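Let me begin by presenting the structure, written as structure tokens, before commenting on it.
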Amino acid sequence: MIVAIDGPAGAGKSSVARGVAAALGFTYLDTGALYRTIALAALQQGIAPSDGPALGALAGATAIELDGVRVLMDGRDVSERIRDADVTELVSVISAHPAVRSALLLHQQHAASSGDIVIEGRDIGTAVAPDAAVKVFLTASPEERARRRAAQLGLPMDADTLKELAEDLAARDRADETRASSPLTRAADAIEMDTTDMTQEEVIAAIVELTRRAAPRG
Ligand code: DC
């Protein structure tokens, strides 16, 4: 059974998806980590962000292992490195190339075929797992998303920091929403959840409940 969780940057998808997977005993796949790993590989190998064919080949040739917590790129632990600002800045451009998306789609579909899984990203309900049993589109107000991102990065909650984070998130959302190849968008049959005034535990409980209701009985 597949639970697809999509939504804009900073809506709390990762923490929620991890919590849902833990509560249900499902595996967890963070697809953003795949795109981040290719962005890091491109940085390290000096491949131009505009070179779609080279980036597609890179995505096909890079071994990425995810175990729910750690991310290994060709055997090296890059779990923390892929969260750095230079990777975050580059990742939307890298992930817009169709050749990159199709190489990583294979990786994601392989993972999705292996049983009960919570998959988190931007195009899971629309492109990666359109038949997912549960599809949720998580949102939150821009102000709340900036606060959550500051907390995640351990940054102060002052007005300047929050403003800068909100601008970064908005720029990344614009890039993710307007790309031609499987853009960030809510699947027609996804349930939209505005989590602005919800705690993480409430969001997790709501998705766990949706999943239990969707599960075949017997
Ligand atoms: O979830 P995240 O912030 O780690 O994702 C990083 C970027 O990867 C995001 O800005 C767009 C891209 N991405 C994507 O295009 N499709 C996905 N399924 C997941 C992430």
Side-chain angles (χ1 to χ4, degrees), residues 2-21 28-43 49 52 55-56 58-59 62 64 66 68-71 73 78-112 117-130 132 135-140 142 145-146 148-153 165-187 190 195:
I2 298 176
V3 178
I5 302 182
D6 291 300
K13 296 186 299 295
S14 296
S15 320
V16 163
R18 270 201 196 93
V20 171
Y28 160 64
L29 178 65
D30 169 6
T31 62
L34 299 174
Y35 290 96
R36 286 174 179 273
T37 302
I38 300 309
L40 174 62
L43 265 177
L55 292 165
L58 180 70
T62 305
I64 310 174
L66 303 178
V69 191
R70 311 313 300 171
V71 183
M73 176 177 84
V78 294
S79 319
E80 268 109 52
R81 181 66 183 91
I82 60 167
R83 308 285 159 198
D84 286 346
D86 55 349
V87 174
T88 302
E89 246 168 59
L90 192 64
V91 65
S92 280
V93 179
I94 302 287
S95 63
H97 292 292
V100 172
R101 303 202 71 79
S102 54
L104 293 183
L105 185 63
L106 293 178
H107 189 118
Q108 295 169 75
Q109 287 179 332
H110 178 73
I117 187 165
V118 180
I119 313 181
E120 170 227 327
R122 302 290 188 291
D123 61 340
I124 310 307
T126 53
V128 175
K135 295 185 188 181
V136 178
F137 195 81
L138 286 189
T139 62
R145 292 196 285 130
R148 288 178 188 174
R149 190 42 61 96
Q152 188 187 26
L153 297 173
L165 283 173
E167 283 168 4
D168 290 350
L169 292 173
R172 200 139 62 88
D173 291 345
R174 251 192 320 277
D176 294 342
E177 284 163 355
T178 55
R179 69 172 174 239
S181 183
S182 53
L184 164 66
T185 180
R186 184 175 76 83
T195 68

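No experiment lies behind these values; they were computed from the predicted model shown. Ligands are counted one by one from 1 in listed order, and the atoms in each one are counted from 1 as well.
Among Thr126, Val128, Ile94, Val91, the residue whose heavy atom lies nearest to atom 7 (C) of ligand 1 is Val91. Comparing Asp123, Leu90, Val100 against atom 18 (N) of ligand 1, the shortest heavy-atom distance belongs to Asp123. In the candidate list Lys13, Arg172, Arg83, Arg122, Arg122 is nearest to atom 17 (C) of ligand 1, counting heavy atoms.
Comment: Arg149 does not engage Asp168 in a salt bridge, judged by the lack of any side-chain N to carboxylate O separation of less than 4.0 angstrom. At a threshold of 4.0 Å, the pair Glu80-Arg70 counts as salt-bridged, since one of the basic side-chain nitrogens sits closer than that to a carboxylate oxygen. A salt bridge links Asp173 and Arg145; the closest N-O separation between the charged side-chain nitrogens and carboxylate oxygens is under 4.0 Å.
Atom-to-atom distance recorded for Leu34:CG and Leu105:CG is 11.0 Å, nearest 0.5 angstrom.
Checked by distance only, ligand 1 and Gln108 stay at 3.5 Å or farther apart across all their nitrogen or oxygen atoms. By the 3.5 Å distance cut-off applied to N or O atoms, Arg36 is counted among the residues near ligand 1.
Taking every non-hydrogen atom of Ser92 and a distance limit under 4.0 Å, the qualifying atoms of ligand 1 come out as 10 (O). The atoms of ligand 1 that sit less than 4.0 Å from any heavy atom of Asp176 are 9 (C), 10 (O), 11 (C). Counting the atoms of ligand 1 from 1 in the order shown, those under 4.0 Å from a heavy atom of Ser95 are 11 (C), 12 (C), 15 (O). Residue Gly121 approaches ligand 1 through these ligand atoms, each under 4.0 Å from one of its heavy atoms: 18 (N), 19 (C). Less than 4.0 angstrom separates some heavy atom of Arg101 from each of these atoms of ligand 1: 14 (C), 15 (O), 16 (N).
Without hydrogens or angle criteria, Arg18 side chain to Ala21 main chain gives no donor-acceptor distance under 3.5 Å.
Looking at Thr126 and Arg186, their side chains never bring a donor and an acceptor atom within 3.5 Å of each other.
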Asp84/Arg36 under salt bridge (Lys or Arg N to Asp or Glu O under 4.0 Å): CA gap, chis, key distance, verdict: CA-CA 10 Å; Asp84 286 346; Arg36 286 174 179 273; over 6 Å; no
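In this structure, Thr195 and Arg148 have side chains that are in contact, with non-hydrogen atoms separated by less than 4.5 Å.
Atom 19 (C) of ligand 1 has its closest protein heavy atom at Thr31 OG1, 3.3 Å.
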